[in-house]
Protein chains: 2
Amino acid sequence: MGETLEGTIAFRVVGALRDDIVSMVLKPGDVISESDIAARYGVSRQPVREAFIRLAQQGLLLIRPKRATVVKKISPDGVRQSRFIRESIEVEIIRRVATDPKPETGQILDDLIADQEAASSANDSRRFHKLDELFHRTLARLAGVEYAWQLIDDHKMQLDRVRYLTLGVSSSQRAIAEHKQIAKAVSKGDVVAAEAAMRAHLARAEVLLSQTIEDFPDYFE
Amino acid sequence: MGETLEGTIAFRVVGALRDDIVSMVLKPGDVISESDIAARYGVSRQPVREAFIRLAQQGLLLIRPKRATVVKKISPDGVRQSRFIRESIEVEIIRRVATDPKPETGQILDDLIADQEAASSANDSRRFHKLDELFHRTLARLAGVEYAWQLIDDHKMQLDRVRYLTLGVSSSQRAIAEHKQIAKAVSKGDVVAAEAAMRAHLARAEVLLSQTIEDFPDYFE
DNA sequence: TTCCGCAATCTTGTATGGTAGATGCATTTT
DNA sequence: AAAATGCATCTACCATACAAGATTGCGGAA
């Protein structure tokens with residue numbers, strides 16, 4: 001439901017900063033100031049300030065009143081709750097989709113999985129990641145709650161920062177197998193199996209957090 | 001996770017505008033401008049502008065680039081999806097709380113329900129509403145996901161605008177009875193019953209939307 | 001050496017002026 | 001009369017200037 005204005009300088013700054021933060025170019029704890037960013041992008045402080053406000057509301061920046069603005073450190077508890085929110089919504093989505101599967105649902109999901117296998121074979125991890133996200137977003141669309149996915153996407157930024165620190169470890173083969181399980185259960189209309197498969201799929205990445213905290217203690221609070 | 005700065009003018013304006021919007025003092029479709037609000041509150045346009053940005057991101061305002069800013073009309077589909085999000089999260093919360101109920105859980109909930117009965121007897125609908133909200137927030141706290149409730153709270157603003165249009169129709173007696181059912185199932189650790197009770201509780205207000213759209217067509221898109 | 005205080009220098013918050021775009025109405029043209 | 005056009009007047013966006021709190025580091029005193 002959040003609206004922004006494309007084409008404005010502030011909008012461009014928001015996108016650039018968010019990319020830098022999620023991709024760890026700007027690291028948790030880094031101190032930035034409106035003046036710095038304004039100079040870096042060759043704009044005035046005003047649009048930068050508005051970008052800061054938006055990013056702070058998304059939990060990526062922490063504006064400290066008369067001191068400075070810092071890239072927010074990753075909160076382990078926040079990550080845990082973001083996962084909770086994601087699991088809550090995705091489980092409900094998969095229930096709805098599996099409860100009343102439309103005829104074309106199975107084919108749509110199978111096509112996406114086929115694309116993922118192609119990307120995996122080509123070792124195109126960027127494309128694979130995009131398709132993985134599309135798989136989940138498609139489920140939301142099939143459930144008629146595409147906005148709910150947008151909500152998950154906002155929270156996924158937190159999770160993506162952690163994932164970026166552990167890149168390479170995710171097994172695309174395993175993810176594909178799990179997607180197949182989910183699609184199969186959905187096609188059969190087996191709600192219980194679909195829910196279980198989705199929970200297992202989402203739970204797989206869980207174990208990495210504590211190890212990541214040990215490896216990068218400065219990035220966590 | 002969204003942070004704001006207390007004590008600033010912009011923060012005050014955000015609160016004042018949000019209250020006016022949720023309580024329908026500012027009606028969906030109303031056109032407001034930075035200058036108007038700035039003059040009304042005796043401040044400059046700058047903090048008003050920042051308030052507009054925050055409220056737009058929360059889905060209450062629609063900023064139209066070089067035209068004007070309007071109080072966003074209520075989107076029936078948005079209301080539906082907000083309900084979906086709320087139900088997803090609250091159901092997952094009640095599952096967790098019921099799965100492993102702490103000894104003090106039952107007493108905490110019973111106390112809250114007792115307060116609600118007192119407020120109901122005193123016909124203090126404002127206090128009743130606050131306690132109703134506290135009941136749900138407490139469940140989130142007991143599940144260890146208080147931030148998730150904050151998320152629901154943001155979306156509840158959309159639902160509250162609808163509720164404001166239909167005020168008086170909600171039966172506090174019935175809400176209390178449903179809260180009792182939920183608390184009882186949680187205390188017994190009956191996950192299935194707790195989930196069913198929560199879904200029934202949340203579904204109760206559903207029927208009102210279509211009637212409200214007919215009564216106030218100008219407020220919906 | 002250690003501690004205290006002050007001032008220079010950061011930061012964000014606020015105010016104001018100027019700019020470009022969109023709208024609506026009056027005027028002109030066909 | 002109807003359609004097109006130009007202009008007055010709105011709007012949000014951006015740039016700049018000023019204000020006030022917070023930090024830092026230096027210098028002097030104990």
Side-chain angles (χ1 to χ4, degrees), chain A residues 1-18 20-21 26-73 218 221, chain B residues 1-18 20-21 26-73 218 221:
Chain A
M1 251 104 131
E3 315 301 332
T4 334
L5 299 321
E6 300 182 30
T8 68
I9 295 178
F11 184 82
R12 269 206 333 273
V13 176
V14 167
L17 282 178
R18 182 177 47 212
D20 282 349
I21 293 172
L26 288 173
K27 305 183 193 314
D30 278 2
V31 176
I32 59 182
S33 81
E34 295 174 357
S35 312
D36 287 345
I37 306 299
R40 184 186 304 176
Y41 289 93
V43 300
S44 89
R45 264 186 55 207
Q46 187 61 29
V48 174
R49 174 172 178 75
E50 299 178 2
F52 277 20
I53 292 175
R54 288 190 163 91
L55 293 170
Q57 226 171 10
Q58 295 182 12
L60 293 180
L61 291 183
L62 179 63
I63 301 174
R64 300 179 300 178
K66 293 291 171 56
R67 287 198 276 171
T69 294
V70 299
V71 179
K72 212 173 180 191
K73 294 200 176 186
D218 291 346
E221 66 183 17
Chain B
M1 250 104 131
E3 315 300 331
T4 333
L5 299 320
E6 300 181 27
T8 68
I9 294 178
F11 184 81
R12 268 207 333 271
V13 175
V14 167
L17 282 178
R18 183 176 46 211
D20 282 349
I21 293 172
L26 287 173
K27 305 184 193 316
D30 278 2
V31 177
I32 59 180
S33 79
E34 296 175 356
S35 312
D36 288 344
I37 306 299
R40 183 185 308 178
Y41 288 93
V43 300
S44 87
R45 289 170 8 230
Q46 185 63 27
V48 174
R49 172 173 178 73
E50 299 180 359
F52 277 20
I53 292 174
R54 289 187 164 93
L55 293 170
Q57 222 170 13
Q58 294 181 12
L60 292 180
L61 291 183
L62 178 63
I63 301 175
R64 300 180 299 177
K66 293 290 167 51
R67 286 199 273 170
T69 295
V70 300
V71 179
K72 211 173 180 188
K73 294 200 175 186
D218 291 345
E221 65 184 15

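The chains referred to below are lettered A, B, ... by the order of the sequence lines, with proteins before strands, and numbering in each begins at 1.
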> Side-chain N or O of B:T69 less than 4.0 angstrom from OP1 or OP2 on D:dT11?
Replying inline: no
> Rounded to whole angstrom units, what separation is found between the CD1 atom of A:I9 and the C1' atom of D:dA15?
Replying inline: 10 Å
> Given atom CD1 of B:I53 and atom P of C:dT14, what is their separation to the nearest angstrom?
Replying inline: 13 Å
> Please give, in whole Å, the distance from D:dC13 P to B:R64 CZ?
Replying inline: 12 Å
>> Nearest heavy atom decides the nucleotide; on that basis, is A:E50 or A:R67 closer to the 5' end of DNA chain D?
In response: A:E50
>> Return the CG to CD1 distance between A:L26 and A:I37, rounded to the nearest 0.5 Å.
In response: 6.5 Å
> CG of B:L60 to CZ of B:R18: how many Å apart, nearest 0.5 Å?
Replying inline: 8.0 Å
> Are any of the side-chain heavy atoms of A:I21 and A:L61 separated by less than 4.5 Å?
Replying inline: yes
> Which atom names give the shortest non-hydrogen contact between B:S44 and B:A38, and what distance separates them?
Replying inline: O-CB, 3.6 Å
>> Nearest whole Å is fine: how far is D:dC14 C1' from A:R45 CZ?
In response: 13 Å
>> Can you tell me if B:R49 touches the phosphate of D:dC13, counting only side-chain N or O atoms and a distance under 4.0 Å to OP1 or OP2?
In response: yes
> For the pair made of CD in B:Q46 and C1' in D:dT16, what is the distance, rounded to whole Å?
Replying inline: 11 Å
>> Just to be sure I understand the geometry, which residues of residues 28-43 of chain B put a non-hydrogen atom under 4.0 Å away from DNA chain D?
In response: B:I32, B:S33, B:E34
> Side-chain contact, heavy-atom cut-off 4.5 Å: B:Y41 with B:I9?
Replying inline: no
>> Please report the distance, rounded to the nearest Å, between NZ in B:K66 and C1' in C:dA20.
In response: 5 Å
>> Nearest 0.5 Å, please: how far is CD1 in B:I63 from NZ in B:K72?
In response: 11.0 Å
